[in-house]
Amino acid sequence: MTIIDGKKVAKEIRLELKEKVSGLKNKYGRVPGLVAILVGENPASQVYVRMKQRACDEVGIYSEVLRLPEETKETELIELIQKYNSDEKINGILVQLPLPKHISENKIIEAISPDKDVDGFHPINLGNLVIGKDTFYPCTPYGILELLKRYEIETKGKHVVVVGRSNIVGKPVANMLLQKKEGANAIVTVCHSAAKDLKKYTATADILIAAIGRPKFITADMVKDGVVVIDVGINRVEDKSTEKGYKLVGDVDFEEVSRKASYITPVPGGVGPMTIAMLLQNTYESFNKSLNLQHGN
Ligand code: BQF
């Protein structure tokens, strides 16, 4: 059994990006830029935004962070996004989700220029993803494919079972693995909470992607021997023995499932750090695409 070390791979990717960004700076005198917009005080969101900002600093990507009050109006947020859509220093615009209830996430996502949508959530980019065109991949699915690639885990012809159907993880990762491409070309099943007997599906998986959002939901009886397990869950559960009063737990019961798995991602330190690394990767790719556009390609 191999534990997939997402923390280590993410670090490698950040080091590779640091080199590439330094190359851009030498060649063009500019670096990629990212703006992160946080509305309200969700504690987890604050942590995520801080991690993204620190990661930008580490690789030399220019970053701005906007912290807006909970009461921010939808129209105000849209106007801000439009300002960044035409800001040449900025190649990526990220609006941290979830947003307060009075703001429509769909409207906000659609206000972001598809050319700066480094989260890959804009319907144009998701549409391009589904038809296999070059686009920004959502960061968590991109991180999952990158982990499979770097651990040389074959996907072609394998049965991937995705549990969860969110627009951010389940739907895009299923579509990416379905593409007739290197690092994909899998047989993909998507299942979810409406299944009467989830085990019937999960037990047939060569590769199981758990993106459910419930702590330790996947147990050993639900998987076959030798399964590759990708745990996307980031659940905060109370733990009085820790300084913060909580710990992070995945959607998979790591202790028991790891005994049957050939590969498994831990939580923390698995898919989570890759999400941040791929955000930087997308920002770098966005900068390069903007150069190509300027030169009329
Ligand atoms: C780790 C996210 C749900 C909803 C909105 C490292 C992150 C998490 C875990 C992280 C996530 C989850 C992010 C670890 C960003 C991943 O060491 O295991 C990093 O920062 N994430 C987000 O921005 O929005 C979310 C999950």
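None of these values were measured; they are calculated from a predicted model. First listed ligand is number 1; within each ligand, the first listed atom is number 1.
Each of the following atoms of ligand 1 lies closer than 4.0 Å to a heavy atom of M51: 6 (C), 7 (C), 10 (C), 19 (C), 20 (O). Below 4.0 Å from some heavy atom of K52 lie the following atoms of ligand 1, by number and element: 22 (C), 23 (O). Atoms of ligand 1 found under 4.0 Å from any heavy atom of P268, numbered from 1 in the order shown, are 1 (C), 17 (O), 18 (O). Ligand-side atoms of ligand 1 in range of Q96: 22 (C), 23 (O), 24 (O), range being under 4.0 angstrom from any heavy atom.
Atom 14 (C) of ligand 1 has its closest protein heavy atom at G272 CA, 3.6 Å. Counting only heavy atoms of the protein, atom 18 (O) of ligand 1 lies nearest to G269 N, 2.9 Å. Shortest contact from atom 9 (C) of ligand 1 to any protein heavy atom: I234 CD1, 3.4 Å.
For ligand 1, the polar-atom distance check against Y48 finds no nitrogen or oxygen pair separated by under 3.5 Å. At a 3.5 angstrom cut-off on N or O pairs, L97 does not count as close to ligand 1.
Heavy-atom neighbours of R54 CZ from other residues, nucleotides or ligands within 6.0 Å: at or below the threshold of 12. Under a cut-off of 6.0 angstrom, the local environment of CD in Q46 is crowded, with over 12 non-hydrogen atoms contributed by other residues, nucleotides or ligands.
Residues forming a side chain to side chain contact (heavy atoms under 4.5 Å, CB included) with S193 (at least two apart in sequence, or on another chain): R165.
The closest side-chain heavy-atom distance from V118 to N91 is not below 4.5 Å. At a threshold of 4.5 Å between non-hydrogen side-chain atoms, the residues Y201 and H192 do not count as touching.
At a heavy-atom distance under 4.0 Å, only side-chain atoms of I276, from C-beta outward, approach ligand 1.
Relative to the six-membered ring of Y246, K240 misses at least one condition, a distance below 6.0 Å or an angle of at most 45° to the axis.
Taking 4.0 Å as the cut-off between side-chain N and carboxylate O, D87 and K89 count as a salt-bridged pair.
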